[in-house]
Amino acid sequence: MANAVRKVVRWPKVLLFGDSITQFSFSVDGCWGSLLSDYLQRRCDVLNRGFSGYNTRWCKYVLPQVLDETLAKETVALVIFLGANDSCWHELNPRQHVPLDEYKLNLREMIEFSLSQGISREKIVLITPPAFDAPAWGEQCLLKGRALSKDNKVTSVYAETCYNLAVEMGTECVDLYSEMMKSEEYASYLCDGLHLSQRGSKLLFDLLRPIIEKLTAQLPAAWFPFWDEIDVNNVEKSLLGS
């Protein structure tokens with residue numbers, strides 16, 4: 001062992017970048033990140049870079065502090081999930097609101113920056129802002145002393161803009177808003193009216209999985225052999241490949 005060549009395996013990365021729905025993606029309810037990590041166990045690291053309350057205006061400055069060329073070389077998928085805060089009404093929530101044209105521009109700038117770092121278009125996945133449930137989220141706003149500043153009609157426009165930008169830029173896209181609205185019981189996809197419930201997290205994971213499966217198809221089934229594949233008479237060769 002002392003004479004063995006030391007080689008550290010660099011796990012490929014799936015980078016999740018977004019607001020609170022991303023930040024909470026390893027929580028009990030909003031567990032889509034956990035589901036993704038479980039799906040990719042022993043194949044990829046899933047990195048959570050979510051920032052609660054952030055919008056695209058702020059995130060475009062954060063992304064260059066999260067992603068560089070070194071990380072980009074190891075990244076097999078970059079998931080950008082923003083718009084839930086941007087789409088708030090300006091009159092009731094000017095702090096988080098971002099006008100539609102600026103929202104599109106900010107997303108474009110983040111895509112272009114990612115490309116400049118070496119992440120190819122097909123590895124970038126945009127997720128549209130989700131639908132929300134006004135009664136439930138209104139209760140949460142009331143408890144926090146805030147006005148209800150969202151509307152699904154407005155959110156749908158931001159979601160459509162996100163989707164169209166992905167088509168224009170040649171990236172992947174998960175239209176979470178449209179998928180949620182296919183169900184009359186779409187509120188069950190949310191735990192508090194805005195953030196994903198376990199059911200909603202499972203929906204998002206199921207929508208992401210085919211894309212991630214395609215992007216990771218060339219990776220080994222697992223790093224290091226499975227336990228029953230190890231040659232117990234030559235452990236070093238099995239685990240070091242020498």
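In this text the structure is predicted, and so the values were computed from the model without any measurement. Excluded from the calculations below are hydrogen atoms, water molecules and symmetry mates; all remaining heavy atoms, backbone and side chain alike, are included.
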Practice item. Enter the distance from L142:CG to E139:CD here, rounded to the nearest 0.5 Å. Key: 8.0 Å
Exercise for review: Using the six-membered ring wherever Trp is involved, compare the ring planes of W223 and W11 and label them parallel, tilted or perpendicular (cut-offs 30° and 60°).
Suggested key: tilted
Check your understanding: Just by distance, do the side chain of S27 and the backbone of G30 share a donor-acceptor pair under 3.5 Å?
Key -> yes
Check your understanding: After noting the C-alpha distance and the side-chain angles of Y39 and E213, does the key distance pass the side chain to side chain contact (heavy atoms under 4.5 Å, CB included) rule?
Key -> CA-CA 9 Å; Y39 173 67; E213 182 177 2; 3.4 Å; yes
Exercise for review: Could you tell me whether the side chain of P12 reaches within less than 4.5 Å of the side chain of E74, counting heavy atoms only?
Suggested key: no
Review point. Is a side-chain N or O of Q198 found less than 3.5 angstrom from the main chain of C31, in a donor-acceptor match?
Key: no
Exercise for review: Ignoring hydrogens and angles, tell me if any N or O in the side chain of T75 forms a donor-acceptor pair with the backbone of A77 under 3.5 Å.
Suggested key: no
Review point. So, does R43 use its side chain to make a donor-acceptor pair with the main chain of T216 at under 3.5 Å?
Key: yes
Review point. Are any non-hydrogen side-chain atoms of N48 and L15 less than 4.5 angstrom apart?
Key: no
Check your understanding: Is there a donor-acceptor pair closer than 3.5 Å between any side-chain N or O of H97 and the backbone N or O of C88?
Key -> yes
**Study point:** Ion pair check, R108 and E168, cut-off under 4.0 Å
**Key:** yes
Check your understanding: Are the side chain of K150 and the backbone N or O of D133 linked by a donor-acceptor pair below 3.5 Å?
Key -> no
Check your understanding: Within the side chain of R57, is there an N or O that forms a donor-acceptor pair under 3.5 Å with the backbone of D86?
Key -> no
Practice item. Please examine the side chains of L71 and L47, heavy atoms only from C-beta on, and report whether any two atoms are closer than 4.5 Å. Key: yes
Review point. Are the side chain of D38 and the backbone of S34 linked by a donor-acceptor contact shorter than 3.5 Å?
Key: no
Practice item. Report the residue from L78, L208, V79 that forms a side-chain contact (heavy atoms from CB on, under 4.5 Å) with L16. Key: V79
Exercise for review: Please test D29 against S197 for side chain to side chain donor-acceptor pair (under 3.5 Å), starting from the C-alpha separation and ending with a verdict.
Suggested key: CA-CA 5 Å; D29 285 314; S197 64; over 6 Å; no
Point to revise | side chain to side chain contact (heavy atoms under 4.5 Å, CB included) between Y186 and N152, worked out | key: CA-CA 12 Å; Y186 75 88; N152 266 331; 3.3 Å; yes
Exercise for review: Give a yes or no on whether the backbone of M180 and the side-chain of S183 come within a donor-acceptor separation of less than 3.5 Å.
Suggested key: no
**Study point:** salt bridge (charged side-chain N to carboxylate O under 4.0 Å, His left out) between E122 and K214, intermediate numbers included
**Key:** CA-CA 10 Å; E122 67 272 10; K214 178 176 64 175; over 6 Å; no
Review point. Do W32 side-chain atoms and I21 backbone N/O form a donor-acceptor pair below 3.5 Å?
Key: yes
Review point. Any idea how Y103 and Y158 line up, ring-wise: parallel (<30°), tilted (30 to 60°), or perpendicular (>60°)?
Key: tilted
Check your understanding: Hey, are the side chains of V98 and N106 touching, using non-hydrogen atoms and a 4.5 Å cut-off?
Key -> yes
**Study point:** Derivation and outcome, side chain to side chain donor-acceptor pair (under 3.5 Å), residues S238 and D231
**Key:** CA-CA 6 Å; S238 288; D231 183 353; 5.0 Å; no
Practice item. Please confirm whether R199 makes a cation-pi placement over Y189, using NZ or CZ under 6.0 Å from the six-membered ring centre and within 45° of the ring normal. Key: yes
Exercise for review: Quick one: do F17 and L67 satisfy side chain to side chain contact (heavy atoms under 4.5 Å, CB included)? Show the steps, please.
Suggested key: CA-CA 10 Å; F17 184 70; L67 176 67; over 6 Å; no
**Study point:** Pair D101 + K104, salt bridge at N-O below 4.0 Å
**Key:** no
Exercise for review: Mind running side chain to side chain donor-acceptor pair (under 3.5 Å) on Q96 and N93 for me, showing each step along the way?
Suggested key: CA-CA 6 Å; Q96 291 177 297; N93 191 349; 2.8 Å; yes
